[in-house]
Amino acid sequence: MRKPIIAGNWKMNKTIAEALELVRAVRAGVRDISAVETVVCPPFVALQAVSEALTKSNVGVGAQNVFYEEKGAYTGEIAPGMLEGLVDYCIIGHSERRGYFGETDEWVNKKAKALLAHGITPIICVGESLEQNQAGETDAFVRSQVQKALAGLSAEQVARLVIAYEPIWAIGTGLTATPIDANRIISLSIRGAIAEMYDEATAQAIRIQYGGSAKPENIASFMEQPDIDGALVGGASLKADSFVTMVRETERVLARV
Ligand code: 13P
């Protein structure tokens with residue numbers, strides 16, 4: 001049984017003070033939730049304060065990026081060892097990092113390996129552009145992103161990962177994939193690629209989220225799908241009430257099915 005994971009990707013939002021205010025409210029709001037995992041991913045500078053504010057809570061912490069080298073002359077970058085003890089998760093390969101900052105599949109693969117070596121769980125983002133979607137290339141493209149991201153990882157490592165399927169055209173636009181389409185890509189292209197690379201048990205063990213304009217009003221429709229194990233939430237994670245509602249809605253759907 002895969003435990004759903006609702007993770008908030010705050011992107012470049014919130015000062016340290018604002019971050020603390022938000023996580024205190026999230027912590028209180030999900031205190032009684034045990035069937036769903038809740039994670040917040042603040043900017044680097046707020047990680048220490050947020051991590052302390054969430055001590056002994058059921059809310060996990062993630063970073064939004066990492067570099068794969070252990071240390072050295074990489075101005076502005078953060079090494080995986082610096083995140084150890086501070087975070088449980090780290091988002092890699094987000095389409096904004098791929099698009100604005102040139103992150104490649106090869107880097108995503110190196111980052112995944114570096115994080116796993118430090119006991120941090122990668123949340124690997126994949127997803128197609130609008131042009132690829134309209135040209136019918138989604139399956140082939142997402143499949144190849146998954147294959148490249150996971151190259152050289154063991155089945156045990158892959159089973160512990162999280163993948164987020166985020167169609168680029170649905171991010172921050174108010175547009176979403178239909179729950180049925182998102183479930184089909186997650187099942188066919190992502191679990192399918194993993195089953196080919198490893199085996200069916202590994203494909204069934206890995207948790208795969210949907211991301212792209214997920215919000216309180218639509219989260220239940222995604223969670224009703226059998227292959228969707230939660231959401232990576234941007235805009236709707238910046239307010240405690242909407243984010244907490246999404247966690248609670250997820251638990252409500254679980255209790256029903
Ligand atoms: P929105 O929820 O704002 O569309 O962002 C999705 C996302 O990119 C999460 O990583």
Side-chain angles (χ1 to χ4, degrees), residues 4-14 18-19 22-23 26 36-44 46-47 50 59-66 87-101 103 107-108 111-112 115 120-130 132-133 138 141-142 145-146 149 161-179 181-182 185-186 190 207-223 225 228-247 249-250:
I5 172 169
I6 303 291
N9 174 10
W10 296 1
K11 308 190 180 183
M12 199 176 72
N13 292 289
K14 305 287 179 189
E18 290 165 346
L22 176 53
V23 290
V26 169
V36 180
E37 196 175 339
T38 307
V39 176
V40 293
C41 304
F44 281 127
L47 283 178
V50 163
V59 182
V61 181
Q64 299 175 17
N65 185 30
V66 70
V87 303
D88 314 287
Y89 293 93
C90 181
I91 299 169
I92 54 176
H94 192 281
S95 60
E96 286 149 18
R97 295 225 51 95
R98 293 179 192 255
Y100 297 135
F101 304 103
E103 190 158 327
W107 277 32
V108 175
K111 290 178 179 198
L115 288 169
I120 298 167
T121 302
I123 299 177
I124 301 176
C125 301
V126 297
E128 82 287 359
S129 67
L130 185 59
Q132 289 167 323
N133 184 281
T138 301
F141 181 71
V142 170
Q145 283 186 314
V146 170
L161 296 176
V162 177
I163 292 183
Y165 169 55
E166 301 203 306
I168 299 171
W169 49 271
I171 295 176
T173 57
L175 301 172
T176 64
T178 67
D181 282 346
I185 297 303
I186 287 172
I190 304 181
R207 293 186 294 175
I208 308 180
Q209 303 170 302
Y210 168 76
S213 301
K215 53 187 180 200
E217 296 75 20
N218 61 27
I219 186 69
S221 65
F222 288 104
M223 292 312 306
Q225 297 294 325
I228 302 181
D229 305 318
L232 187 56
V233 186
S237 72
L238 297 174
K239 290 216 167 77
D241 56 350
S242 66
F243 189 59
V244 167
T245 301
M246 293 178 79
V247 176
E249 280 285 290
T250 300

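Atoms within a ligand are numbered from 1 in the order they appear, just like the ligands themselves. Nothing fancy with the numbering, it's 1 onward along the sequence. Note that the coordinates shown come from a computational prediction; the quantities given were computed from them, not determined experimentally.
The CD1 atom of I92 sits 11.5 Å away from atom CZ of R97, with the distance rounded to the nearest 0.5 Å. For the atom pair OG of S129 and CD1 of I168, the computed distance is 5.5 Å after rounding to the nearest 0.5 Å.
Scanning the protein heavy atoms around atom 2 (O) of ligand 1, the nearest turns out to be G234 N, 2.9 Å. If you check which protein heavy atom lies closest to atom 5 (O) of ligand 1, you get K11 NZ, 3.2 Å. Given atom 3 (O) of ligand 1, the protein heavy atom at minimum distance is G235 N, 2.9 Å. What sits closest to atom 9 (C) of ligand 1 on the protein, heavy atoms only, is E166 OE2, 2.8 Å.
Residue contacts with ligand 1 leave out G211, since none of its heavy atoms falls under 4.0 Å from the ligand. At least one heavy atom of G212 lies less than 4.0 angstrom from ligand 1.
Residues P122 and C90 form no side-chain contact, since every pair of their non-hydrogen atoms from C-beta on lies 4.5 Å or further apart. Q145 places none of its side-chain heavy atoms less than 4.5 Å from the side chain of I124.
When V108, V142, I208 are each tested for a side-chain contact (heavy atoms from CB on, under 4.5 Å) with V126, only one passes: V142. Of the candidates L161, V40, I123, I123 is the only one forming a side-chain contact (heavy atoms from CB on, under 4.5 Å) with Y89.
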Point to revise | Worked verdict on I120 versus D88 for side-chain contact (heavy atoms from CB on, under 4.5 Å) | key: CA-CA 5 Å; I120 298 167; D88 314 287; over 6 Å; no
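Atoms of ligand 1 lying under 4.0 Å from any heavy atom of N9, numbered from 1 in the order shown and given with element: 9 (C), 10 (O). Close contacts of ligand 1 with A170, meaning ligand atoms under 4.0 Å from a residue heavy atom, involve 4 (O). Under a 4.0 Å criterion applied to the non-hydrogen atoms of S213, ligand 1 contributes the atoms 1 (P), 2 (O), 4 (O).
Among the atoms of L232, none of the N or O lies under 3.5 angstrom from an N or O of ligand 1.
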